[in-house]
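Shown next, in structure tokens, is the structure this report addresses.
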Amino acid sequence: DPQVIDVDASFDEAAIKNSVKNIFNTVPGEKLLNPEFGLALKRYLFAPLSQDLAEDIGEEIVRGIERYEPRVRIDRIDVIVDYDQNEYIISLTLTIPPLNILQKSYSGFLSQTGFSFL
């Protein structure tokens with residue numbers, strides 16, 4: 001039944017999206033059983049916004065996703081400085097081979113409260 005496949009795929013995609021969000025919002029050392037897990041993105045949040053930091057954030061995100069979420073491949077990442085909102089806007093384009101999802105775009109923002117998907 002095609003509807004069942006769609007529901008399953010969307011649940012799996014939601015699980016992967018949730019995994020990526022957890023990678024973004026977990027600070028290394030926070031998980032006792034996996035102390036290296038996560039990204040140190042919070043360290044960027046209290047520094048003045050800059051394009052250089054946006055590039056550093058993008059590189060750290062790529063390394064973290066490649067390390068902790070093997071089900072996805074990053075096709076593109078853009079980190080844009082939003083000076084008015086005092087945050088970084090993050091756009092990710094991912095391919096999810098196990099789900100046959102090609103170049104799906106996700107957007108979110110990194111602010112002093114952490115990362116959230118739009």
Side-chain angles (χ1 to χ4, degrees):
D1 183 4
Q3 291 177 322
V4 173
I5 292 169
D6 289 343
V7 171
D8 288 344
S10 112
F11 172 78
D12 290 340
E13 183 184 348
I16 290 171
K17 187 175 175 182
N18 191 52
S19 172
V20 170
K21 183 178 177 184
N22 286 336
I23 293 167
F24 280 35
N25 285 319
T26 302
V27 177
E30 197 173 319
K31 287 188 154 198
L32 295 177
L33 298 177
N34 191 357
E36 293 180 8
F37 179 84
L39 300 175
L41 296 180
K42 291 186 180 181
R43 68 185 165 152
Y44 297 110
L45 299 178
F46 297 98
L49 298 175
S50 75
Q51 189 56 46
D52 286 342
L53 282 185
E55 290 174 22
D56 292 347
I57 289 168
E59 290 169 8
E60 188 153 341
I61 289 169
V62 168
R63 283 192 303 272
I65 291 176
E66 286 175 348
R67 182 171 184 185
Y68 300 114
E69 187 44 82
R71 297 174 289 182
V72 305
R73 186 181 74 233
I74 299 171
D75 298 308
R76 181 181 174 103
I77 182 165
D78 294 303
V79 181
I80 299 159
V81 183
D82 183 345
Y83 293 100
D84 293 337
Q85 297 298 316
N86 199 37
E87 64 191 19
Y88 294 95
I89 299 168
I90 299 168
S91 299
L92 273 174
T93 303
L94 303 175
T95 290
I96 309 171
L99 300 179
N100 294 318
I101 295 173
L102 302 176
Q103 297 189 339
K104 176 83 184 251
S105 293
Y106 303 94
S107 293
F109 60 92
L110 181 65
S111 67
Q112 291 185 354
T113 58
F115 176 80
S116 299
F117 279 109
L118 296 176

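L92 has its side chain within reach of I65: a pair of non-hydrogen atoms, C-beta onward, lies under 4.5 Å apart. Side-chain contact between I16 and L99 is present, with heavy atoms from C-beta onward closer than 4.5 Å. You'll find the side chain of Y106 stays beyond 4.5 Å of the side chain of K21, heavy atoms only. Annotation: side chain of I90 is not in contact with side chain of F109 (no heavy-atom distance under 4.5 Å).
At least one donor-acceptor pair closer than 3.5 Å links the side chain of Y88 to the backbone N or O of S50. In this structure, T95 contributes its side chain and Q103 its backbone to a donor-acceptor pair below 3.5 Å. A donor-acceptor contact shorter than 3.5 Å is absent between the side chain of D82 and the backbone of E87.
In Q51, the CD atom is crowded: over 12 heavy atoms of neighbouring residues, nucleotides or ligands sit closer than 6.0 Å.
The heavy-atom pair separating A40 from P28 by the smallest distance is N-CD, 3.8 Å. For L45 against G114, the heavy-atom pair with the smallest separation is CD1-N, 4.4 Å. For the residue pair R71 and A15, the shortest heavy atom distance occurs at NH2-O, 4.3 Å.
Checked for salt-bridge contact, K42 and E30 miss the test: no charged N lies under 4.0 Å from a carboxylate O.
Taking hydrophobic clusters as Ile, Leu, Val, Met, Phe, Trp and Tyr residues chained together by side-chain heavy-atom distances below 4.5 Å, V81 does not share a cluster with I89. The hydrophobic cluster containing I80 does not contain Y83, counting ILVMFWY residues as joined when their side-chain heavy atoms lie under 4.5 angstrom apart, directly or transitively. By the criterion of side-chain heavy atoms lying less than 4.5 angstrom apart, applied directly or through intervening Ile, Leu, Val, Met, Phe, Trp or Tyr residues, L39 is grouped together with V62 in one hydrophobic cluster. Residue F24 is not grouped with residue V27 when hydrophobic side chains (ILVMFWY) are merged at heavy-atom distances under 4.5 angstrom, including chains of intermediate members.
For F46 and Y44, the ring centers sit 6.0 Å or farther from each other.
Note: L53 CG to L41 CG = 11.0 Å, rounded to the nearest 0.5 Å. How far CD1 of I23 is from CG of N18: 10.0 Å, rounded to the nearest 0.5 Å. Distance check: Y68 OH to T26 OG1 gives 10.0 Å after rounding to the nearest 0.5 Å.
Geometric assessment of K17 against the ring of F117 yields a positive cation-pi assignment under the 6.0 Å and 45° thresholds.
The only option from I74, L102, I101 that meets the side-chain contact (heavy atoms from CB on, under 4.5 Å) definition with L94 turns out to be I74.
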